[in-house]
Structure formats: C-alpha cells, structure tokens
Amino acid sequence: MNETNGTILYMVVPCYNEEEMLHITSEKLEEKLRTLKNAGKISDDSRVVYVDDGSRDNTWNIIEEMHHNNKVFNGVKLSRNEGHQNALLAGLDYARNHADMIVSMDADLQDDIDAVDAMIDKYHAGAEIVYGVRNDRSTDSAFKRGTAQLFYKMMKIMGAEIVYNHADFRLMSKRAVDELMNFKEVNLFLRGIVPLIGFKTDIVEYERHERIAGESKYPLKKMLSFAIDGVTSFSIKPINMIITAGFVCFLISVGMLIYSCIRYFTGDTVSGWTSLMTSIWALGGLQVVSIGVVGKYIGKVYLEVKERPRYIVDKYLDS
Ligand code: UDP
Ligand code: MG
C-alpha cells in the first residue's frame with residue numbers, strides 16, 4: 001500500500017451566484033478527485049466543500065442536490081454575503097476538522113485544477129503551504145492586467161508582502177490552517193496573512209484560463225475596496241505619508257513667509273496678503289500633521305486590537 005493514499009484532501013470552493021458554473025465545476029472536480037484516488041495520492045474520504053456566500057440565485061439548491069446525489073460534495077452555507085475572503089475562511093475552518101491538506105480555489109475554474117497534482121506532490125515533499133502562481137496573464141483583459149499589476153506594486157510600496165501573481169489558489173496543510181485561525185483580524189486579507197504563518201512553503205506555476213460561464217463577481221468597485229482593505233489591514237504607511245505631507249506644507253509656509261516678506265518690502269502687495277498667505281499654509285500644514293499624529297495612534301490601537309499571535313511555535317523539545 002502506498003503511504004500517501006491515506007491523506008485526506010478537501011477542496012474548498014467559495015461560491016457567489018455561481019449557478020451557471022456549479023455543474024461544470026462539479027464534474028471536473030469529481031473527476032479530479034477520482035484520478036487522484038486511483039493514483040493513490042489521496043484517501044477515499046477526500047471531499048469538495050462548496051461555501052455558498054449568501055448567493056441570490058439557485059447556488060445553494062444546486063449544492064444540496066449535488067450533495068444528495070454524491071457524498072463527495074459537501075456544503076457550507078453562510079447566512080449572508082460576506083465576501084470571497086470570509087467565505088474562504090469559513091470553508092477552511094470547516095475543512096480543517098476533517099482533512100490533512102486543503103486546497104482552495106474559485107468556482108469558475110479559472111485556476112488550472114491540474115496544478116493540484118503538483119501541489120499534492122509538494123505537500124508530500126514536506127511543504128505546508130503551496131502557492132499557485134500564474135505564469136502569464138494573457139487571458140485577462142488589458143485593464144484587469146494593468147490594475148492587478150498596479151495592485152501588487154502598491155501593496156509592496158505600502159509594506160504588505162504578498163506573493164506576486166498568486167491569488168487564493170493554494171494548498172495548505174491542516175497545521176497551517178490551524179495556525180491561520182489564530183489570526184483574529186476582522187479585516188481579512190488572506191494573501192497577506194498566509195505568508196506570515198511561515199513553515200516550509202513552495203510554489204506551483206499554472207496558466208489561468210478565462211471564465212467558462214457566468215461573469216466576474218469582482219467588478220472594479222469590489223476590486224478597489226479589496227485593494228484598499230489590503231493596504232489598510234497591513235500597514236500604517238499611509239498615515240506616515242499624511243504626516244510627511246503635513247511637514248511639506250509647513251515647510252512651504254516658511255518659504256511663503258520669506259517670499260511674502262520680500263514682496264512686502266519691495267512694496268508691490270495688497271495690505272493683508274502677506275499674513276494671509278503665510279497663515280493659510282502654516283495652519284494647513286499644522287492641521288494635517290495633527291490629523292496624522294492622531295491617525296498614528298489610531299493605527300497603533302488598530303494593530304493591537306487585532307490580537308495577532310506574536311509568534312508561532314513550530315516544535316517543542318520535550319523530554
Ligand atoms: N465570490 C464569493 N463571494 C463574493 C464574490 C465572489 O464567494 O462576494 C467567489 C466567486 O463565486 C468565485 C470566487 O469568489 O468562486 C472568485 O470570484 P470571481 O471569479 O468572480 O473573481 P475574478 O476571478 O473575476 O477576480
Ligand atoms: Mg474568476
């Protein structure tokens with residue numbers, strides 16, 4: 001008997017209004033599980049977990065129907081739409097009680113499910129987290145590609161380390177997911193948190209396809225708020241920038257003071273202009289600096305109330 005075929009794999013798939021995709025997705029995922037089982041890479045107890053993120057269409061009915069027809073499909077239903085990240089977390093939290101390794105992927109199968117084989121191999125080679133990384137973005141529209149690139153660059157400048165071109169297609173060991181649950185923040189940005197878990201990690205490259213059916217549930221508005229959440233959950237650099245801007249304003253006011261004095265003494269000013277110009281800049285600068293300082297304190301409190309673990313223990317040496 002192969003030593004790996006006792007490993008239980010759960011595939012977590014968040015679904016929001018995916019009625020057009022679910023049948024196609026299920027067919028492919030079931031086939032994938034079957035081949036993996038036959039190859040002795042995973043146990044017969046492996047499952048697909050659909051997380052219905054408060055869909056307004058028939059998504060949950062389809063999941064229920066599939067579960068009744070085939071026990072390989074499990075479901076988690078959220079009470080309302082909580083967004084992709086939270087749906088994913090709900091699925092991971094459920095799956096970790098049953099599985100040894102957990103793969104998360106989108107319902108639209110844009111991520112190549114054949115990359116899962118390589119992920120499992122890396123898991124057996126000792127990796128606790130295996131990132132799926134897209135090797136090209138040619139199937140995306142130029143706009144999506146551009147904004148996505150801007151997003152990664154901005155995140156880096158703002159101080160959040162994320163894996164380039166990795167979305168939420170990844171394999172995590174049960175242990176890694178258990179540790180993930182210790183990150184208590186409400187502003188969830190998994191791509192930023194998962195690298196903080198540590199342990200041995202690896203990547204698998206794959207090509208991303210186009211959506212087969214239905215349309216993107218991430219319109220520009222959601223993408224923007226996702227990006228802003230990503231930055232503000234991970235750094236207080238924006239606040240430092242405000243403070244810098246305030247100082248610059250203040251410096252300009254000093255310059256204005258000197259400049260308007262010169263203009264005053266050369267005699268070509270309306271009376272009152274000098275003091276007005278200087279105080280606008282001085283007050284403006286001071287105000288912005290003050291807001292920035294207050295923001296800095298709020299930022300500190302904000303980082304604290306999240307109660308992240310200060311460190312994670314890999315092993316103990318016990319006798
Ligand atoms: N999704 C979700 N809740 C939401 C929005 C999206 O669970 O509020 C799911 C969706 O069903 C899909 C995945 O998140 O499985 C990614 O969404 P989508 O494919 O629409 O995003 P894109 O690939 O266009 O960025
Ligand atoms: Mg998609």
Side-chain angles (χ1 to χ4, degrees), residues 10-29 32 48-63 66 73-95 102-113 115-116 131-152 155 162-170 186-192 194 206-230:
Y10 269 50
M11 297 201 198
V12 174
V13 186
C15 310
Y16 179 57
N17 296 344
E18 296 284 4
E19 59 181 9
E20 288 156 284
M21 272 309 302
L22 271 177
H23 285 113
I24 312 169
T25 305
S26 300
E27 211 174 286
K28 298 234 162 124
L29 291 184
K32 177 96 270 174
V48 173
V49 181
Y50 289 118
V51 183
D52 175 25
D53 186 16
S55 299
R56 284 163 217 278
D57 64 1
N58 256 324
T59 299
W60 182 248
N61 295 338
I62 297 172
I63 294 171
M66 284 187 313
F73 298 112
N74 286 353
V76 174
K77 188 182 191 320
L78 302 189
S79 63
R80 56 187 282 262
N81 182 241
E82 295 283 4
H84 174 233
Q85 299 287 293
N86 291 307
L88 191 51
L89 194 73
L92 292 176
D93 201 10
Y94 166 80
I102 301 156
V103 169
S104 54
M105 62 175 75
D106 292 350
D108 55 13
L109 293 193
Q110 282 183 286
D111 306 310
D112 183 10
I113 54 169
V116 171
Y131 298 101
V133 172
R134 326 170 41 172
N135 51 17
D136 88 316
R137 280 185 171 259
S138 51
T139 53
D140 275 355
S141 68
F143 178 72
K144 182 127 192 174
R145 206 160 50 219
T147 47
Q149 231 140 38
L150 194 74
F151 170 71
Y152 285 106
M155 287 299 291
I162 54 178
V163 179
Y164 189 68
N165 263 349
H166 159 71
D168 283 304
F169 181 37
R170 71 176 86 80
V186 191
N187 296 279
L188 199 60
F189 185 66
L190 290 172
R191 273 175 245 183
V194 172
Y206 69 98
E207 239 171 82
R208 189 158 156 117
H209 315 296
E210 280 180 71
R211 222 178 212 284
I212 306 170
E215 43 193 55
S216 174
K217 275 75 192 172
Y218 264 103
L220 182 65
K221 201 177 128 222
K222 264 198 190 174
M223 257 168 48
L224 268 182
S225 76
F226 187 59
I228 292 170
D229 268 355

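Not measured: the values here are computed from a predicted model. Indexing begins at 1, ligand by ligand and atom by atom, following the structure's order.
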*Asks:* Hey, what do you get for NE2 (H166) to CZ (R134), rounding to the nearest 0.5 Å?
*Replies:*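 The CZ atom of R134 is 12.0 Å from NE2 of H166, to the nearest 0.5 Å.
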*Asks:* Hey, which atoms in ligand 1 end up nearer than 4.0 Å to a heavy atom of E18?
*Replies:* 10 (C), 11 (O), 12 (C), 15 (O)
*Asks:* Under 30°, 30 to 60°, or over 60°: which ring-plane class applies to F73 and Y50, parallel, tilted or perpendicular?
*Replies:* parallel
*Asks:* Could you tell me, atom by atom, which parts of ligand 1 come under 4.0 Å of a heavy atom of N81?
*Replies:* 3 (N), 4 (C), 8 (O)
*Asks:* Using the test side chain to side chain contact (heavy atoms under 4.5 Å, CB included), find all partners of E20 that sit at least two apart in sequence or belong to another chain.
*Replies:*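 Listed in chain order: A213.
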*Asks:* Report, in ascending order of atom number, the atoms of ligand 1 lying under 4.0 Å from any heavy atom of D106.
*Replies:* 13 (C), 15 (O), 16 (C)
*Asks:* For ligand 1, is any non-hydrogen atom under 4.0 Å from E82's backbone (N, CA, C, O), its side chain (CB onward), both, or neither?
*Replies:*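 For E82, there is no contact with ligand 1 at all, from either part.
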*Asks:* Start with the C-alpha gap between N61 and E19, add the side-chain angles, then the distance that decides, and say whether side chain to side chain donor-acceptor pair (under 3.5 Å) holds.
*Replies:* CA-CA 9 Å; N61 295 338; E19 59 181 9; over 6 Å; no
*Asks:* Please report the interatomic distance CE(M105) to CG(L29), rounded to the nearest 0.5 Å.
*Replies:*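 Answer for the CE-CG pair, M105 versus L29, is 5.5 Å.
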*Asks:* Which atoms of ligand 1 have any heavy atom of C15 under 4.0 Å away?
*Replies:* 7 (O), 11 (O)
*Asks:* Can you tell me how far CD of Q85 sits from CG of L190, rounded to the nearest 0.5 angstrom?
*Replies:*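 If I round to the nearest 0.5 Å, the distance is 4.5 Å.
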*Asks:* May I ask you to check whether A107 has an N/O atom sitting below 3.5 Å from an N/O atom of ligand 1?
*Replies:*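 N/O-N/O distance below 3.5 Å exists for this pair.
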*Asks:* Could you verify whether a donor N or O on one side chain and an acceptor N or O on the other, from N74 and Y94, lie under 3.5 Å apart?
*Replies:*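 Yes.
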*Asks:* Which ligand 1 atoms, with their elements, are less than 4.0 angstrom from a heavy-atom of P14?
*Replies:* 7 (O), 9 (C), 10 (C), 11 (O), 12 (C), 15 (O)
*Asks:* To the nearest 0.5 angstrom, please state how far the OH atom of Y131 sits from the CZ atom of F169.
*Replies:*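 The OH atom of Y131 sits 14.5 Å away from the CZ atom of F169.
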*Asks:* Please list, in number order, the atoms of ligand 1 under 4.0 Å from a heavy atom of D53.
*Replies:* 2 (C), 3 (N), 4 (C), 7 (O), 8 (O)
*Asks:* Please report the interatomic distance CD(E18) to CD1(I62), rounded to the nearest 0.5 Å.
*Replies:*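 Those atoms lie 10.0 Å apart.
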*Asks:* Check the Mg ion (ligand 2) and write out every protein N, O or S atom at under 2.8 Å, as residue and atom.
*Replies:* D108 OD2, Q110 OE1
*Asks:* So, Y206 and D111: side-chain donor and acceptor under 3.5 Å apart, yes or no?
*Replies:*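 On atom types as modelled, these side chains qualify, holding a pair under 3.5 Å.
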